[in-house]
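First up is the structure itself, then whatever we jot down about it.
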Amino acid sequence: MTTKKSNHQAEWWRRSVVYQVYPRSFNDTTGSGVGDIRGLTKKLDYLKDLGTDIVWLQPVYNSPQNDNGYDVADYRSIDPMYGTMEDFDELMAELKARDMHLMLDIVVNHSSTEHMWFQESRKSKDNPYRDYYIWRDPAPGGGVPNNWQSKFGGSAWQYDEATGQYFLTLFDKTQADLNWENETVRQEAADLMRFWADKGVDGFRMDVINLISKDQDFPDDDGSIMTGDGRRYYTDGPRVHEYIKELYERVYGPYDLVTVGEMSSTTLQHCIRYSNPEEREFSMTFNFHHLKVDYPQGKKWELMPYDFEALKGLLSSWQIGMNEGGGWNALFWNNHDQPRALSRFADDGRCRVASAKMLATTLHGLQGTPYVFQGEEIGMPNPNWNDISEFRDVESTNMYRIMVEMGKTPEEAFEIIAKRSRDNARTPMQWNYGPQAGFTDGTPWIKLDERYPEINVKMQREDPDSVFSHYKNLIALRKTEDVLTDGRYIRLDEGHPQVFAYARTNDRDTLVVVSNFTSEEAAFTLPETHAALGHSQLELLSGNRPEVPTWGDQLELEPYASFMWIIRG
Ligand code: GLC
């Protein structure tokens, strides 16, 4: 127990907060309508003011941009759309000057089909690069090698005329899966990461990294477990831990990097292995189970109100399970692949401000490293979509077409896309109430949410009651309150229909977080053990309503009220 605790204090990133930058939509300095690296550099003082320690910068490498940069054509370059390598070096220097760290997004499950490796690979079966990718003959009777589906819709296999074989693409048809069975590919991946580590990068966010090891029999999926799309044969696959340990030996360990793995459809048991320091794999993991609680039977492209009990249950079981197994969670509500949590789990209308703060307090009280996705810190909601032509994302436009082909009316399909699309998170950052919200002097690549005159950084930065100030306070607490880092999690609400309540305890302090997730008032009874604690030194660390409930057996909570107290030992 003592060694684990001292590790928690020693590993600096356990007390850090990461800010995620989607550069395309962050800040444009050229008038192109697309954000750029210099735009980010200009906003570093803002990020520092918020309390950011680590910036996660999403892919800025050369790319045809079919999946907004997650289709990399050259891993050692900067896409001219985003600027130059000098701009990147300047960003690094400016970050270091502010004692901030950079985490780069590394996409090595697949590359763009425009990458030189793939261009060579497709030329002939005996090309030296052939084995960099996953090529298979057509099925005996012709057609695709198996029934695996792309995550963006349709078959995961693309036929290539030149050699009469299919190549695997788990995402867009221009994102060819790399063949990690090939030792040379693994060396290449380590080399390209060393290139960036040599430039002074402090860490990596590893894109869909738990998909790199495929079952080499490539069996058809009979649909008996999971979704039937083939994922059971490549998710947390047979050699994945071996490959990640190898990356640790080759790169993460020697450069002492902070790493987070994006784990698609994973399990708690695997995430413990991925993130327990003794395993020498990653620093921490993202999992998405808590963001599927509004998917009926796991189906992303169908709507239902979210299941509050499931949300609490999942967050709780990961808190307890990761702690017991010595793993470490990356905590998040939002990212560039998710609709805004504010619109999904709370009220983005009349109670928007209280809701945004409530979600923040709930998440920032948990154990793990919190991530803030751009715009979250000012309470940006999903935009108001008017027409399908406003969407830019390849997944959204594919799924719209497929849903209509499958018999949904255009109106039904639009309603689903408007709620589920990744573009909800990708509208431009709202800096001020001037033209284009201060994001660009040109025409933004994707529409702005028209509520920017009321929701923007300029209005919130100096306002002590703003969502921004609330985040700033929560982020600062992570530095001063050890219990946020090492406290054991205990759930306090027993299936309360409106309230999520939990405590965190170390050998000194107890922290209590109580949040009302509904638009109705709520009464919550504290367990006796915790109600009694209030007689000692009780201090309110964070709240979002002027009416602070009186500590006692029963707490009365206004709609979306959320409070964090500490009882110092
Ligand atoms: C990850 C990224 C997502 C991308 C996909 C394929 O899930 O976050 O944006 O489309 O991987 O690279």
Parallel, tilted or perpendicular: ring planes of Phe345 versus Tyr306, cut at 30 and 60 degrees: perpendicular
Greater than 12 external heavy atoms within 6.0 Å of Glu528's CD: no
NZ/NE/NH1/NH2 to OD/OE distance under 4.0 Å, Arg491 and Asp493: yes
Verdict with reasoning, Arg344 to Gln338, per side-chain hydrogen bond (donor to acceptor under 3.5 Å, both in side chains): CA-CA 10 Å; Arg344 216 169 154 182; Gln338 298 287 332; 2.8 Å; yes
Heavy-atom check, side chain of Thr259 versus side chain of Met284, under 4.5 Å: no
Candidate pair Thr510 and Ile566, rule side-chain contact (heavy atoms from CB on, under 4.5 Å), full reasoning: CA-CA 6 Å; Thr510 296; Ile566 193 165; over 6 Å; no
Salt-bridge present (Glu395, Arg401; N to O < 4.0 Å): no
Residues that Asp53 engages under side chain to side chain donor-acceptor pair (under 3.5 Å), provided they are two or more places apart: Lys479
Worked verdict on Arg205 versus Leu57 for side-chain contact (heavy atoms from CB on, under 4.5 Å): CA-CA 9 Å; Arg205 176 263 187 190; Leu57 174 63; over 6 Å; no
Rounded distance (nearest 0.5 Å) linking atom CG of Leu555 with atom CG of Asn516: 11.5 Å
Enclosure of Gln297 CD (heavy-atom neighbours >12, cutoff 6.0 Å): no
Side chain to side chain, Tyr371 and Asn335, heavy atoms closer than 4.5 Å: no
Check ion pair Arg352-Asp347 (N to O, under 4.0 angstrom): no
Val258 side chain reached by Met103 side chain, heavy atoms, under 4.5 Å: yes
Parallel, tilted or perpendicular: rings of Trp333 and His290 (30°, 60°): tilted
Parallel, tilted or perpendicular: ring planes of Tyr274 versus Phe282, cut at 30 and 60 degrees: tilted
Pairing of Glu481 and Arg478 as salt bridge, 4.0 angstrom limit: no
Salt bridge present between Arg14 and Glu11 (N-O < 4.0 angstrom): yes
Step-by-step salt bridge (Lys or Arg N to Asp or Glu O under 4.0 Å) determination, Asp36 to Arg38: CA-CA 6 Å; Asp36 44 57; Arg38 299 194 67 189; over 6 Å; no
Salt bridge Asp229-Arg231, side-chain N to carboxylate O under 4.0 Å: yes
Derivation of the side-chain hydrogen bond (donor to acceptor under 3.5 Å, both in side chains) call for Glu376 and Gln374: CA-CA 6 Å; Glu376 175 183 334; Gln374 66 185 47; over 6 Å; no
Parallel, tilted or perpendicular: rings of Phe308 and Phe517 (30°, 60°): tilted
Minimum side-chain heavy-atom gap Leu95-Thr41 below 4.5 Å: no
Cationic tip of Arg420 above Trp301 ring, under 6.0 Å, 45° of axis: no
Any donor-acceptor N or O pair under 3.5 Å, side chains Asp71, Gln175: no
Ring centroid separation Tyr471 to Tyr19 under 6.0 Å: no
Rounded distance (nearest 0.5 Å) linking atom SG of Cys271 with atom CE of Met263: 6.0 Å
Lys NZ or Arg CZ of Arg392 over Trp445 ring: under 6.0 Å, within 45°: no
Intermediate values then yes/no, salt bridge (Lys or Arg N to Asp or Glu O under 4.0 Å), Asp348 and Arg340: CA-CA 9 Å; Asp348 65 1; Arg340 295 276 179 184; over 6 Å; no
Atom pair CD1/CZ of Ile417 and Phe391 - distance to nearest 0.5 Å: 7.0 Å
Derivation and outcome, side-chain hydrogen bond (donor to acceptor under 3.5 Å, both in side chains), residues Gln498 and Glu520: CA-CA 8 Å; Gln498 297 171 275; Glu520 310 290 323; over 6 Å; no
Asp482/Arg15 under salt bridge (Lys or Arg N to Asp or Glu O under 4.0 Å): CA gap, chis, key distance, verdict: CA-CA 9 Å; Asp482 288 349; Arg15 304 173 72 88; 3.1 Å; yes
Approximate separation, where rounding is to 0.5 Å, of Ser466 OG and Gln460 CD: 5.0 Å
Phe500 and Tyr502 aromatic ring geometry - parallel, tilted or perpendicular at 30°/60° bounds: tilted
Pairwise side-chain contact, Tyr400 with Ser421, heavy-atom cut-off 4.5 Å (strictly under): no
Aromatic ring pairing His336/Trp56, orientation class (parallel under 30°, perpendicular over 60°, tilted between): perpendicular
Glu450 with Lys447: basic N within carboxylate O range, under 4.0 Å: yes
Spacing of Met380 atom CE and Ile455 atom CD1 [to the nearest 0.5 Å]: 8.0 Å
Gap between atom CG of Asn323 and atom CG of Leu366 - 0.5 Å precision: 12.0 Å
Salt bridge Asp294-Lys419, side-chain N to carboxylate O under 4.0 Å: no
4.5 Å side-chain heavy-atom contact, Phe563 and Ser542: no
Non-hydrogen side-chain atoms of Arg568 and Leu511 separated by less than 4.5 Å: no
Side-chain ion pair, Asp337 and Arg426, N-O less than 4.0 Å: yes
Asn386 atom CG: more than 12 heavy-atom contacts under 6.0 Å: yes
Steps toward side-chain hydrogen bond (donor to acceptor under 3.5 Å, both in side chains) verdict (Asn432, Asn456): CA-CA 5 Å; Asn432 57 44; Asn456 59 65; over 6 Å; no
Flag for Trp318-Asn329: side-chain donor and acceptor within less than 3.5 Å: no
Between Thr266 and Asn287: side-chain donor-acceptor atoms closer than 3.5 Å: no
Cation-pi check, Lys43 onto Trp431 ring (under 6.0 Å, within 45° of axis): yes
